[in-house]
Amino acid sequence: MTTKGVRGSAVALVRGLALAGLGLAGVVSLALHLAFLVPGFGLGLIFLLPLPILAGRPLTNLVRRLTGAWSGLPVATPYRPRPPAPVPDADGRYPHVNRLYRRPWFPAFMTQLDWLLGDPASYRDLGWMIVNPLLGVPLAGLPAALVGAGGWYAVSQAGRHWWAVPVGVAAALAGLAVAPALVALHARWTRLLLRPPSPGPVGRVRRWYARQLLLLVRLLALLGLSLLALPLAMVSVVGLLAYGLGLVVVLPPLIENFRWLPELRRTLAGRWSGIDVPSPYLSRDEVPHRRPDGRYQVGSALYRTERWAAYNLRLRRLTRDRATWRDFLWLLVDPIVGGLSLGATLAAIGYGLFGLLVPGLSVLAGVRSDGGTDWYGAVAGSTVAAIPVGLALAVLGLVAAPVVLRGNGRWTALLLAPTARAQLALRVQRLTETRSDATDTQAAELRRIERDLHDGAQARLVAMGINLGNIEHLLDRDPQAARALLAQAREASAKALTELRDLVRGIHPPVLAERGLVDAVRALALDIPLRTEVTVALAGRPEAPVESAAYFAVSELLTNAVKHARATRATVALSYAGGRLRIVVTDDGRGGAEPARGSGLRGLERRLGTFDGVVEMSSPPGGPTTVILEVPCALFSPRTSIS
């Protein structure tokens with residue numbers, strides 16, 4: 001071995017020792033993760049969740065940098081970009097989901113939490129902390145261990161055995177010899193765990209591993225929420241007893257403040273289990289107007305002050321809402337039904353992994369059980385059977401985990417979904433709201449048309465009449481001035497005609513009435529200053545009101561893409577399936593659109609809401625923006641197309 005080779009082996013030895021030390025630091029980081037994540041998920045202390053994830057990222061980033069620098073295999077940083085700080089609306093409040101907040105810290109915290117928990121790289125870091133000590137640390141630390149053990153053996157046994165020195169030296173040389181190869185192998189191992197996912201077979205294995213880890217985290221979070229329901233149920237029982245004793249002021253705030261947990265479970269059932277559970281709660285009632293005698297009437301009761309009338313309305317709404325009592329029943333029962341199903345699955349996986357690892361590690365460590373006191377063998381019957389039984393339980397738990405997660409969603413829907421009566425009440429409420437919105441929109445449109453006619457075409461026609469009168473007087477005395485006025489009148493008539501055409505097009509475009517939605521959208525794509533591709537899979541035409549609503553929705557989205565998103569390209573896809581017209585509008589703009597900010601997207605939702613249509617939007621900062629419009633309707637005739 002040359003001097004350069006010896007120097008390279010020594011450097012690899014030191015680097016391997018450093019990487020092994022970082023792997024052991026990962027064990028400490030894993031312990032910190034568990035110390036924060038278990039109460040964070042299990043007890044609902046969500047403010048703890050970001051702390052270990054953010055604190056652990058410098059360690060994994062350092063491992064990536066050292067691995068890339070020492071092995072020549074760069075490991076790209078896989079983290080998603082940090083979300084921007086919340087921006088206040090015009091009224092100074094900060095929007096997040098469907099609520100407005102006076103201070104920015106809570107929207108910023110929830111955005112950061114979504115960013116961290118929604119980033120697959122967070123789970124890859126956690127997986128590295130779990131798996132690397134079992135394989136990565138031995139790989140990186142083996143050369144140093146061989147050198148250290150060889151030196152110790154040679155020094156300590158030199159006086160007792162003549163072969164101790166050559167054996168020790170051989171072990172040390174073996175450590176130096178394998179150091180470069182093992183450090184290179186460790187770099188590939190680290191790159192496999194910590195790099196961004198790739199589409200190859202290794203990427204598929206990593207995605208499967210990430211899915212299983214994410215599944216277990218979700219089961220653990222749901223178990224924690226189920227356990228949290230128990231103390232809330234106990235407090236609810238105390239509140240009901242107080243209400244029965246006449247302390248009625250306790251019940252309304254108790255009900256409203258405890259609704260966050262059922263609402264969170266409905267949201268998680270939709271996101272994690274694929275079971276859509278709508279919110280069943282009735283909306284607030286408006287306080288009635290004051291009677292001529294100065295009092296407020298709520299039902300058969302009269303109140304002198306608006307405050308007590310509002311409180312009575314609030315109490316009646318909460319106590320007469322069936323969803324309130326279903327929430328209460330769920331709080332009582334879920335710790336038993338949901339908690340047991342989730343706990344049994346997690347216990348099977350946990351015992352299985354423990355049964356697989358602990359007996360093997362005990363044998364490697366030379367530790368023998370003493371009279372069956374090793375609890376990991378208690379379930380299997382013996383320590384020998386712990387490994388196959390643990391393997392079977394772990395596989396059974398992993399196979400059952402998706403089923404249990406979906407079953408938990410169905411269980412949540414069973415008690416927390418709105419009943420048929422509640423759905424009917426919500427349907428009536430929605431129709432009332434959409435009718436009010438439609439009436440307001442129609443009135444606003446009429447006012448706009450009246451204003452445009454008054455300020456535009458009407459004013460020009462009046463000016464034309466005045467000019468024609470002047471022309472009549474000037475025709476004999478000053479023909480030159482009459483010709484100039486005639487030119488102005490002709491120009492005014494052309495402008496009036498253009499404005500009338502624009503007005504008619506804004507009310508209902510002729511191409512939409514004559515040729516339908518498809519050709520109207522294609523004509524719109526040609527007119528708008530944006531490269532727009534339109535794809536169509538429609539076998540007929542929807543009804544005229546649906547066509548009009550869909551056309552103006554697409555028009556507004558494309559206009560927003562030009563004005564606000566600064567997009568350079570857009571696509572519009574129209575299709576029909578399952579009795580629903582589906583329109584997908586995508587642009588490559590800067591994204592960041594938020595319907596909760598009260599922009600034109602709210603008006604778009606109201607426009608389609610009149611026909612029970614829905615709007616889904618995905619617009620992350622940096623783009624792209626995708627808006628999906630779905631409207632239930634029927635296609636009544638073959639379409640007519642110009643192409």
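Remember, predicted model here, so these are calculated numbers, not experimental data. The first residue in the sequence is number 1, and the count goes up from there. In what follows, every heavy atom counts, from backbone to side chain, and hydrogens, waters and symmetry copies are set aside.
- Without hydrogens or angle criteria, Trp325 side chain to Arg320 main chain gives no donor-acceptor distance under 3.5 Å.
- For the atom pair CG (Leu230) and CG (Leu332), the distance works out to 8.5 Å, reported to the nearest 0.5 Å.
- The closest donor-acceptor contact from the side chain of Gln297 to the backbone of Leu302 lies at 3.5 Å or more, if one exists at all.
- Across all their heavy atoms, Arg460 and Ala496 have their closest contact at CD-N, 3.8 Å.
- Counting heavy atoms from C-beta on, the side chains of Thr345 and Leu219 come closer than 4.5 Å.
- In this structure a side-chain-to-backbone donor-acceptor pair under 3.5 Å is missing from Ser555 to Ala553.
- Remark: the backbone N or O of Ala310 is not paired with any side-chain donor or acceptor of Tyr296 at under 3.5 angstrom.
- A distance of 5.5 Å separates CZ of Arg295 from CZ of Arg304, quoted to the nearest 0.5 Å.
- The structure places OG1 of Thr532 at 10.5 Å from CG of Asp527, a figure rounded to the nearest 0.5 Å.
- Contact record, Gly409 with Ala269: CA-CB, 4.1 Å, taken as the closest heavy-atom pair.
- Interatomic distance, OG1 of Thr625 versus CE of Met617, reported as 6.5 Å (0.5 Å rounding).
- Taking 4.5 Å as the limit, some side-chain heavy atom of Glu630 sits within range of a side-chain heavy atom of Ile628.
- In this structure, Glu543 places its CD atom where only 12 or fewer heavy-atom neighbours from other residues, nucleotides or ligands lie under 6.0 Å away.
- The two atoms that bring Pro624 and Asp588 nearest to each other are CB-CA, 4.4 Å, heavy atoms only.
- Checked for salt-bridge contact, Arg447 and Glu450 miss the test: no charged N lies under 4.0 Å from a carboxylate O.
- Put simply, the side chain of Trp272 never gets that close to the backbone of Leu215: no donor and acceptor are under 3.5 Å apart.
- The shortest side-chain heavy-atom distance between Leu126 and His33 falls under the 4.5 Å cut-off.
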For Leu608 and Val614: C-alpha separation, side-chain torsions, deciding distance, then whether side chain to side chain contact (heavy atoms under 4.5 Å, CB included) applies.
CA-CA 7 Å; Leu608 297 185; Val614 295; over 6 Å; no
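- Using modelled atom types, one side-chain atom of Ser236 and one backbone atom of Leu232 make a donor-acceptor pair closer than 3.5 Å.
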Take Ile255 and Leu251, measure what side chain to side chain contact (heavy atoms under 4.5 Å, CB included) needs, and give me the verdict at the end.
CA-CA 6 Å; Ile255 295 173; Leu251 200 56; 3.7 Å; yes
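- No donor-acceptor distance shorter than 3.5 angstrom exists from the side chain of Ser548 to the backbone of Ala544, with no hydrogens or angles considered.
- In this structure, CG on Asp327 lies 9.5 Å from CG on Leu415, to the nearest 0.5 angstrom.
- The shortest non-hydrogen separation linking Pro86 to Pro107 is CB-CB, 4.3 Å.
- For the atom pair OH of Tyr281 and CG of Leu318, the computed distance is 10.0 Å after rounding to the nearest 0.5 Å.
- Smallest separation of non-hydrogen atoms from Cys633 and Tyr576: O-OH, 2.6 Å.
- Here Asp119 pairs with Arg57 in a salt bridge; the nearest charged N to carboxylate O distance falls below 4.0 Å.
- Seen from the ring of Tyr94, Arg103 does not count as a face-on cation partner, given the 6.0 Å and 45° thresholds.
- Take Arg316 and apply the salt bridge (charged side-chain N to carboxylate O under 4.0 Å, His left out) test, not counting sequence neighbours, and it matches no residue.
- Checking Val585, Asp587, Ile583 one by one against Leu557, the side chain to side chain contact (heavy atoms under 4.5 Å, CB included) holds for a single residue, Val585.
- Salt-bridge check for Glu256 with Arg317: passed, with a basic side-chain N closer than 4.0 Å to an acidic carboxylate O.
- Residue pairs meeting the side-chain hydrogen bond (donor to acceptor under 3.5 Å, both in side chains) criterion with at least one member in residues 404-413, sequence neighbours excluded: Arg265-Asn408, Asp334-Trp411.
- Summarising the local packing, CZ of Arg291 is surrounded by more than 12 heavy atoms from other residues, nucleotides or ligands at distances under 6.0 Å.
- Partners of Trp308 under the ring pair (Phe, Tyr, Trp, His ring centres under 6.0 Å) rule, at least two apart in sequence or in another chain, are Tyr311.
- Considering only heavy atoms from C-beta on, Val521 stays 4.5 Å or farther from Leu512 through its side chain.
- Residue Ser122 comes nearest to Leu116 through the heavy atom pair OG-O, 2.8 Å, listed as atom of the first residue, atom of the second, then distance.
- Between Asp321 and Arg326, none of the side-chain N atoms (NZ, or NE/NH1/NH2) sits under 4.0 Å from a carboxylate O, so this pair counts as no salt bridge.
- No hydrogens or angles considered: nothing links the side chains of Ser273 and Arg218 as a donor-acceptor pair under 3.5 Å.
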